[in-house]
Amino acid sequence: MAERYQPEIIERKWQDRWEQDQLYKAEIDPDRPKYYFLTMLPYTSGDMHIGHWFAMTPSDARARYLRMGGHNVMYPIGFDAFGLPAENAAIQRDIHPKEWTYKNVDNMRRQLRSMGAMWDWSREAISSDPEYYHWTQWFFLRMLKNDLAYRKMSPVDWCPQCNTTLAREQVIGDNRVCERCKTPVIKKDLEQWFFRITNYADELLDFSMLDWPETVKLLQTNWIGRSEGASVIFKTEDGDPIEVFTTRPDTLWGATFMVLAPEHPLVEKLTTPEQHDEVHAYIHEATRQTDIEREALDKEKTGVFTGGYAINPVNGERIPVWIADYVLMTYGTGAIMAVPAHDQRDFEFARTFDLAVIPVILPQGVEQLDGETMTEALPEYGVMINSGELTGTPASEAFQKTNAYLEQRGTGKFAISYRLHDWLISRQRYWGAPIPVVYCKQCGIVPVPEEQLPVELPEDIEWRPTGESPLKFHPPWKSTKCPDCGEPAERETDTMDTFMCSSWYHLRYLSPDYAAGAFDPKEYDYWMPVDTYTGGVEHATMHLIYTRFFHKTLRDMGVGEGHEPMMQLRNQGQILGPDGQRMSKSRGNVIDPDEQVQLYGADAVRAYLMFGYRWSEGGAWNPDNIQGVVRWLNRVWTLVLDTRGAQPDKIDPEVERALLRKTHQIIQQVSNDLDHFEFNTVISGLMELTNQLVAAREAGLAGADSFEQAVEALLLMMAPPTPHIAEELWSIAGKPYSIHTQPWPNFDPELAKEDEITLVVQVNGKVRDRITVAAGISDEKARELALASEAAARFVGEKEPREVVVVPGRLVNIVV
RNA sequence: GCCGAAGUGGCGGAACUGGCAGACGCGCGCGACUCAAAAUCGCGUUCCUUCGGGAGUGUGGGUUCGAUUCCCACCUUCGGCACCA
């Protein structure tokens with residue numbers, strides 16, 4: 001008896017051999033079509049999660065398949081290494097963020113190797129290496145130079161006790177308190193850096209070049225949230241302008257009050273002494289809420305009258321100015337005109353606070369409207385009424401005519417607004433790439449000269465228990481000389497959002513050791529753009545918009561080329577714990593990939609993750625179902641090693657024909673499924689072929705040429721999903737190393753063809769009979785056979801068929 | 001709340017453009033092998049049934065000769081909501 005399948009031995013053996021031979025090193029080769037296959041880089045959290053395997057190993061299988069199909073494939077890997085968790089570890093466990101991060105990198109490298117993926121390790125990049133963030137800083141300087149970076153005041157969640165900015169995850173509970181000291185969180189305005197991503201809003205809405213999932217394109221479209229309307233200037237009684245954006249300029253005559261965001265700069269001036277206390281109490285409460293809470297449509301409307309008034313520019317009406325939390329400073333202008341008759345939220349607000357409701361639009365089918373008795377707003381377009389000289393304007397012209405009217409009178413004009421706002425990149429944290437600017441009393445904001453990059457993070461830092469950024473309290477680092485005038489100056493102590501690092505990592509992979517620039521242009525010209533990008537759909541609106549924005553800015557600076565960085569995108573779902581909940585250490589439902597590999601081997605874990613789930617959906621980890629692929633791999637093992645039952649002189653040509661037919665049908669199916677990221681049917685197809693081979697062996701076919709061909713095809717097709725066992729069996733079968741450099745098996749449509757098909761006979765859409773017929777049967781013949789079916793005839797009875805529907809090669813439906 | 005996605009046997013899932021629902025597995029049942037068990041192999045396995053058939057893809061309606069697939073409404077679960085990454 002042959003030796004048994006021992007994954008722990010063969011997997012290590014082949015991983016070492018592949019690495020020694022640099023089998024997966026990708027090099028420029030103008031003679032082969034390139035393929036840049038990118039999977040989202042992992043964060044250095046400490047342990048690879050089974051979810052990483054789910055994202056990466058099917059991607060690896062597809063990358064391997066493309067390679068066998070003749071592409072020059074690059075499949076790189078690296079680490080997203082800056083960020084909050086490293087600082088949390090520093091505070092909680094008294095370990096330096098750098099030490100924590102690089103320890104994790106070492107462990108994760110080991111785990112990534114155990115996948116048996118075709119990583120090109122020579123291209124590894126780590127975003128917290130000075131050689132990496134040197135160029136993150138360089139990109140920042142480019143943004144600054146091209147007027148894409150600017151500073152403005154912006155609020156952060158702030159813990160007054162710890163004296164530090166809090167991330168969303170550090171603010172807990174409905175009462176929004178600091179996770180460390182439980183002090184209620186406040187908003188604090190800080191001067192921070194922004195990127196002008198809104199300059200690119202329109203171009204980011206164009207997906208015409210991209211093979212991306214419709215749902216991601218839709219998510220991004222809604223995130224950008226383009227709307228057309230008018231910008232209108234109202235004035236306070238003191239003459240201060242209040243700009244508003246409205247998508248319904250035609251309802252302007254119905255604006256009976258205004259609402260400002262509590263943070264609006266004019267609130268202070270508008271508030272009358274009598275209203276002062278109430279207004280300030282409201283502002284305090286409102287700013288403590290999240291934008292999500294404030295925008296909620298179903299909550300009770302709250303607000304406070306400022307005591308001030310504005311003038312409606314179209315009819316001169318004096319209207320009260322209120323503040324309310326549902327108006328956000330981050331959307332539009334932070335002020336709205338309220339038209340309660342035609343906007344539901346304004347309507348509810350008006351009814352709550354007993355404000356005037358004046359209908360100015362008569363939608364089709366509505367005879368008349370009374371603001372006193374209306375029970376809900378009517379948002380439909382319609383004929384304008386009560387609208388001065390525009391009264392009577394029909395729905396079709398209302399929008400344009402009002403805009404023209406406003407423009408003529410200089411009180412407004414057509415405008416476009418976006419929900420998207422500029423990208424805030426400042427973080428009041430230590431473990432990030434320092435923003436390379438210096439503040440000088442004489443020269444103001446001075447960029448650090450490119451030749452002085454990188455601005456390195458100091459390592460001799462002190463962690464205060466409060467979590468305050470150590471950069472602020474590191475005088476030797478903070479103090480510097482102004483690059484312009486040489487006088488003493490101070491460094492910016494904020495670091496950059498980690499999304500900045502991950503916006504260009506695919507470029508650093510091109511040439512991670514390149515010192516003359518962010519990337520080597522030779523590598524860029526050959527490999528870019530990324531052909532396929534895989535990762536979680538949770539990145540749809542942030543990372544995936546930021547990286548597109550980044551790419552477009554680089555193109556416009558002449559640093560890169562092409563309009564999009566990643567041409568094809570596919571998303572995998574998430575693997576949940578066995579309890580169906582998201583895996584987390586606190587729930588104790590985390591599946592450790594190391595343990596699974598030790599139990600079953602990497603190939604089985606890979607195959608199970610492909611087989612057990614729809615890749616785009618994911619699902620709960622099932623500890624029993626993996627047995628199916630374990631048995632399958634063992635069956636393949638014995639199939640190749642145990643050639644019992646060979647009867648070369650008594651070959652049944654029917655069995656042989658059936659085996660070859662199955663082989664070629666599976667070649668076609670598996671190729672198609674790998675092309676389309678349908679990994680579960682890749683494995684089920686290979687199982688079917690295995691089952692057929694086992695049956696053929698029982699029929700005495702082992703040793704025959706046809707049998708050998710089928711086994712060879714099976715092993716070649718197993719190379720992408722289960723690379724180690726495929727290599728081992730390939731080697732045992734005496735075939736040349738490496739299976740991973742062999743061409744993908746050829747599909748022969750002639751051999752795959754079925755001789756016979758099952759013709760389904762329906763009566764009134766219900767299946768009544770199945771007839772086996774020759775494959776190429778004509779419609780006429782099929783119809784004849786169906787009508788002759790006795791089983792069907794019983795249901796047709798005496799009635800005359802009203803209609804007979806023939807679906808070629810599939811079914812006949814007799815309608816009576 | 002808003003935006004997006006998904007609901008199919010006991011379980012994971014399959015079904016290319018509207019055409020045989022349940023491929024391939026897990027589990028379970030029966031059998032073979034075995035002193036026995038495990039492993040392995042074979043057969044069966046949506047539910048109900050008077051064995052003719054009937055019902056069935058989250059729920060309720062609709063379009064169609066025909067709907068898991070298209071349309072409308074609803075329910076449940078999951079992802080995102082700008083400082084977790």
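Order of the sequence lines fixes the chain letters, A, B, ..., with proteins taken first and strands second; residue numbering starts at 1 for each chain.
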If you look at every strand shown and take non-hydrogen atoms under 4.0 Å, does [X] touch a base, only sugar-phosphate, or nothing?
| X | value |
| --- | --- |
| A:Gln192 | base |
| A:Thr541 | sugar-phosphate |
| A:Trp223 | base |
| A:Val815 | sugar-phosphate |
| A:Gly536 | nothing |
| A:Thr290 | nothing |
| A:Asp624 | sugar-phosphate |
| A:Gln762 | base |
| A:Ile292 | base |

Report yes if a side-chain nitrogen or oxygen of A:Arg582 is closer than 4.0 Å to either non-bridging phosphate oxygen (OP1 or OP2) of B:rG79; otherwise report no.
yes
Between A:Arg635 and B:rC41, is there a contact of a side-chain N or O with OP1 or OP2 at under 4.0 Å?
yes
Are B:rA85 and A:His543 stacked, with the base six-membered ring and the side-chain ring centres under 5.5 Å apart and planes under 30°?
no
Residue A:Glu300 excluded, over 12 heavy atoms near CD under 6.0 Å
no
For A:Glu688 and A:Arg614, find the nucleotide of RNA chain B closest to each by heavy atoms; which residue's nucleotide sits nearer the 5' end?
A:Arg614
By nearest-nucleotide position on RNA chain B, the 5'-leaning member of A:Leu420 and A:Asn680 is A:Asn680
Quiz question: by atom type and distance under 3.5 Å, do the side chains of [X] and [Y] form a donor-acceptor pair?
| X | Y | value |
| --- | --- | --- |
| A:Asp494 | A:Gln192 | no |
| A:Thr198 | A:Trp423 | no |
| A:Thr534 | A:Thr39 | yes |
| A:Asn672 | A:Gln668 | no |

Across every strand shown, the nucleotide meeting Watson-Crick or G-U wobble geometry with B:rA5 (both distances under 3.5 Å) is B:rU77
Determine the Euclidean distance between corresponding [atom1] atoms of [M] and [N]; express it in Å to zero decimal places.
| N | M | atom1 | result |
| --- | --- | --- | --- |
| B:rG80 | B:rG29 | C1' | 46 Å |
| B:rA32 | B:rA23 | C1' | 27 Å |
| B:rG79 | B:rG13 | P | 16 Å |

Go through the N and O atoms of the side chain of A:Arg168 and the base of B:rC84, and report whether any donor-acceptor pair is under 3.5 Å.
no
Starting at atom CG of A:Asn625, determine the distance to atom C1' of B:rG12, rounded to an integer number of angstrom.
5 Å
